[in-house]
Amino acid sequence: MSAQKTYAVVDLETTGTAINGNNRIIQFSCAFIQKQHIVNEFSTLIDPKQPIPPEISQLTNISDKDVRKAPSFEEMAGTIYSLLQNTIFVAHNIAFDYNFLNSELVRVGYPELDLKGIDTVQLAQIVMPTLPSYRLSDVSHVLSLTHEHPHNAASDAQTTATLFIKLQEKIATFPVTLLEQLVSMGRQLELDTVDCFTDIYKKKKEQETKLPADLMSVDGIILQRPIFSKDILAPLDYPQRLADKEKLFADVIDVRPQQVAMMDEIYEFFSSSESVLVVDSPTGSGKTLAYLFPAAYQTGQGKQVVISTATNLLQVQLQENSFAMLKKLLPFGCSLVSVKGNYHFIDLDRFARSLKRVQNAHTNLLQMRIMVWLMETKTGDFDELHLTKMQDPLFAEISHHGVEELDQDSPFYAVDFLRRKKKAEKNADFVLTNHAYLSNHVDELGGTDTILIVDEAQHLPQMTVKSNRRILDFDEIKILADSVLVKIRSHESYSFFDLVDAGFIMDSEFKNLLQIVRVIDSRVPQLKADLTQVFIPSKISFEHYYEQLVRPAKLRGFIKAHLAEFTAVGNAYQKLIKSNRQLYKRYVTQSSSLHLSSIQTKLLDDYFTLTGSLLNELKNWQLFDLSQLEDLFEKQVIWLSKSNVTGAHLRVNAGLMETQDFLKEHVYDHFQHTLLTGAELSLNQIQDFIRKSLDLPPQTKISEYSSVFDYQKQTRAVLAYDAPDVGMIDHQKYCQYLAGAISLICTEVPRQTLVLFNSLQTIADVYQLLQESGLTMHKNILAQGISGGVEKIKKRFLMDHQHQAVLLGTGSFWEGIDLPSDNLELLIVTRLPFQPVGSVLNQARYHRAENKGENPFSTIALPEAVVKLNQGFGRLIRTPTDFGAFVLLDPRVNTKKYGSVFVDSFPAGVKLSQTATNEIPATLQDFFKNCELNL
């Protein structure tokens, strides 16, 4: 930060965010910075000469009464204009504050400000690339900055000024090499934001500075220096006596008799000849440490422990919380590696090449963030950035395609994150993964000296079925093949004809490549047309999503009748893989030696992206292999699907119907011991279902541990008896009821609230209604799929300083997510979590149950819903000191015969009282008041 410069950090509060000439400023605040210190401040309320909208008053705490005697903007314009002269304008989202202020100055007759400007949002995104949110209140919370009154311009300006100083201080620690790259990349940033990097670069480049010992430069990119180490694990004896455990646990965790009993049972199992143990461990029983602790002592005997949990979110939670706690308890060291799919990791070689091409402003900003992140990350896992892969096509280009696809001559080969992870995985004591990855990589993870622990085991069947699903999209294959042909032979721009002339590819190679893609491009649509004619009745109107099971004999006959076409496409797929590998190796070599121009590089990058997508779509073509079809139909189903949308794609789907007669052979038998643990595994109503879905013999014992919570005192459970039956009301009216009930409850009972839904679509529809009602203007409402992905909105939820946020979620939020204490005090379940009955997979499962003489509702649908509801309820009370309220907005537990199964499944002490929707707030207020009096 230059000593001669004055930075004016500005924040405005306005009657609305649209810069349309109708909205007005109601507060102007500015903090002045010189020599990295706030030297002066100025703030004033402004009379907008129009009513302040209620939602703005709620947000800013500025009312019409507050501005009644304040000066108008016409009166303050001269002062503001004068104050800002010869300063550099700084704001958190400068595009709003700078442009709004200029619009108002012009309106009252002043010229526009002509100042340099810096955006602290973009600056924070680059300098602190792993934050889940860049709202001023969230960033200031992470940095422990005082921010007493969010959405008050004076407080916001002061906080932004402090943030700006902190960001500059961190930039000053960046290596010269990184600063130089950020300066060259920063031309597309807002206004003059790049100057923050330029000024510091100019100072540091004059000094001869070496990189810190923990950093290294590889082909111009700054990385953490790899550390390949393994904790030395002494083969210590497991502490059998309670006194020994108490000594180890002292000052770390309380010794709980039930948790200790679970530890001892699990240790004995690991030391026995038994192959499978099932432990029902309710919420709060400390099950994670109960299996981690005895498992750690097994690693001292040279065994590796694989832990599988339900989701990536739970993986992170277990690694960051539970494993960190374990290391505090142990008298020895142990190592853990978290394993995910290839696409989670950055391919450094691909990223380096992306830097050599001109990018749009959004992608350019993302690349700058990644450059800083690479200096900090030890994993190369994109999840650390809290961004979805859909936010920029760059992710598809730079994500990892697997170790086997790496160029061994690349300077990044030795430091590749995935290679490092694979090496660490082999040497790790604990390997942490998720159910989906486990079911597809058993050969990689299993071993005769390997122990498998399946946490949240009730989700293993569902995740195994889902991860074993394969899809072939005929239309997408045709579209991609067309795109490849256009890309390589177009005469309107640079094409493969030009690459032939340049000597990059031989003419014969090019002709062979054209022939390969043409086979795919011509045969696949013809097969699609024939499939449609044979399998989809001509009278189908596609008014709804269409799914049709395919009978084995009919599909076998179809493949035989079209064997030449299926074989031709399969052969073309294999040839394209081989051709691509040869071309890609040549491309990397010539790109590294700078033999390729930017236009050639761009063409080849686009080609490899397209063909990579095409090969990915074709990878399941083996579904049509006659030699495998018989085995496929034994345990799986195949179905066709097509939606009612014009131009919708025809897809062939294949998947497991259920995991009975599958998990033992394909998962458990690959490990020395398998521990299955989770909650609600021993409920009387669903024990048979649990054993079948987990592929266990009927006589399998389930070890049961009782809850440590006093639910009668810690919870209040309420059923809205007047809520509509979801099956008896149209979707729009149902969403209107939900939005009204949620708005009423959350406004009258301002607590940290989780609302669980069954679908993202319902979340979107309800969120829109909450927006229209104005609730989102004065309440922090986070909606899955709208406000961000699971991990991002969870962190934003936890960062809510007032602990009055409302999270609308589904999927992962029903299970395993840990929200203790006041991180969650109110749980609202919108409806009983039955799976969609109409899906082809469920139809097949139900049909198979009927053929066995079973009732599919009572043996499949009902137990699944009971498990899921209990998982959802389990989010509420996480420790013996928690208290919280549960609201169910589904009257079917009261009106349907099966309702008693749900009621009986709640933990002992939970009584579901019936209340009218409009009386729920008063009921909950009384409960929370009593809880707080008893604290």
Side-chain angles (χ1 to χ4, degrees), residues 129-130 178 181 185 216-226 312 337-357 359 363-425 437 441 444 577 580-594 596 598 601-616 619:
T130 60
L178 176 60
Q181 289 187 316
M185 297 169 69
M216 61 190 297
S217 177
V218 180
D219 205 27
I221 293 179
I222 307 300
L223 302 170
Q224 284 276 322
R225 190 175 296 278
N312 285 333
V337 172
S338 185
V339 179
K340 301 177 183 177
N342 295 339
Y343 63 88
H344 284 276
F345 300 93
I346 189 170
D347 184 321
L348 291 169
D349 202 47
R350 292 173 182 271
F351 175 67
R353 284 198 297 278
S354 79
L355 297 175
K356 297 174 183 177
R357 292 194 306 280
Q359 307 283 5
T363 301
N364 189 68
L365 173 62
L366 180 55
Q367 288 177 317
M368 294 179 74
R369 294 181 65 182
I370 291 173
M371 289 291 293
V372 176
W373 169 64
L374 286 174
M375 181 182 66
E376 300 172 345
T377 183
K378 291 179 170 61
T379 68
D381 184 346
F382 283 133
D383 290 348
E384 293 176 354
L385 291 169
H386 304 297
L387 294 168
T388 66
K389 308 283 186 295
M390 300 300 293
Q391 284 181 291
D392 197 285
L394 178 69
F395 282 111
E397 182 183 337
I398 67 175
S399 60
H400 220 294
H401 290 208
V403 171
E404 64 281 356
E405 296 293 326
L406 292 174
D407 174 24
Q408 296 189 23
D409 297 325
S410 166
F412 298 104
Y413 183 77
V415 292
D416 179 74
F417 288 107
L418 195 58
R419 284 188 68 246
R420 284 193 254 168
K421 179 146 305 243
K422 296 291 185 186
K423 183 175 181 179
E425 183 184 326
Y437 191 93
H441 298 83
E444 169 193 325
I577 292 174
N580 254 26
R581 283 179 176 164
Q582 293 172 344
L583 276 179
Y584 189 73
K585 189 169 184 179
R586 191 180 307 162
Y587 162 68
V588 170
T589 302
Q590 296 200 19
S591 179
S592 301
S593 58
L594 303 178
L596 295 176
S598 59
T601 300
K602 177 69 167 64
L603 170 65
L604 287 165
D605 277 328
D606 290 345
Y607 165 78
F608 288 121
T609 299
L610 284 170
T611 52
S613 298
L614 177 60
L615 290 171
N616 187 58
K619 68 183 178 183

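The structure displayed is predicted, hence computed values, not measured ones.
When side chains are defined from C-beta on, His344 does not count as touching His400, because their heavy atoms never get closer than 4.5 Å. Here the side chains of Leu385 and Pro129 are in contact, with some heavy-atom distance below 4.5 Å. Counting heavy atoms from C-beta outward, Thr377 and Ile346 have side chains that stay 4.5 Å or more apart. Proximity of Glu444 to Lys422: side-chain heavy atoms (C-beta onward) are separated by under 4.5 Å at one or more points. No side-chain heavy atom of Asn342 sits under 4.5 Å from any side-chain heavy atom of His401. Taking 4.5 Å as the limit, every side-chain heavy atom of Leu604 sits out of range of all side-chain heavy atoms of Leu583.
Remark: Leu178 CG to Met185 CE distance equals 9.5 Å, nearest 0.5 Å. One distance of note links CZ of Arg586 with CG of Asp407; it measures 13.5 Å at 0.5 Å rounding. Atom CG of Leu614 and atom CG of Asn580 lie 9.0 Å apart (nearest 0.5 Å). The structure places OG1 of Thr601 at 5.0 Å from CG of Leu596, a figure rounded to the nearest 0.5 Å.
Counting non-hydrogen atoms of other residues, nucleotides and ligands closer than 6.0 Å to NZ of Lys585 gives a total of 12 or fewer.
Looking at Asp416 and Arg419, no side-chain N of the basic residue comes within less than 4.0 Å of a carboxylate O on the acidic one, giving no salt bridge. For the pair Lys340 and Asp383, the salt-bridge criterion is met [side-chain N within less than 4.0 Å of a carboxylate O].
The shortest non-hydrogen separation linking Phe382 to Phe345 is CE1-O, 3.5 Å. A pairwise comparison of heavy atoms in Leu418 and Gly402 identifies CD2-CA, 4.0 Å as the closest pair. Contact between Glu405 and Tyr584 at its shortest, heavy atoms only, is O-CE2, 4.2 Å. Of all non-hydrogen atoms in Tyr587 and Asp605, the two that sit nearest each other are OH-OD1, 2.7 Å. Shown here for Lys421 and Ser338, the closest heavy-atom pair between the two residues is NZ-O, 2.8 Å. Across all their heavy atoms, Phe412 and Ala352 have their closest contact at CE1-CB, 3.6 Å.
Judged by distance alone, the side chain of Gln359 and the main-chain N or O of Leu394 form no donor-acceptor pair under 3.5 Å.
Side-chain contact of Thr379 with Glu384: a donor-acceptor pair under 3.5 Å is present, judged by distance alone. The closest side-chain donor-acceptor pair between Asp349 and Tyr413, if any, does not fall under 3.5 angstrom.
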Practice problem: Would you please test Glu376 and Thr130 for side-chain hydrogen bond (donor to acceptor under 3.5 Å, both in side chains) and show each step? | Solution: CA-CA 10 Å; Glu376 300 172 345; Thr130 60; 5.1 Å; no
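Judged as a salt bridge (Lys or Arg N to Asp or Glu O under 4.0 Å), not a single pair has a partner in residues 365-374 (not counting sequence neighbours).
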Quick one: side chains of residues 216-225, donor-acceptor pairs under 3.5 Å with protein atoms, not counting sequence neighbours, listed by atom name and distance.
residue, atom, partner, partner atom, Å
Gln224, NE2, Met375, O, 3.1
Arg225, NE, Ala213, O, 3.1
Arg225, NH2, Leu215, O, 3.0

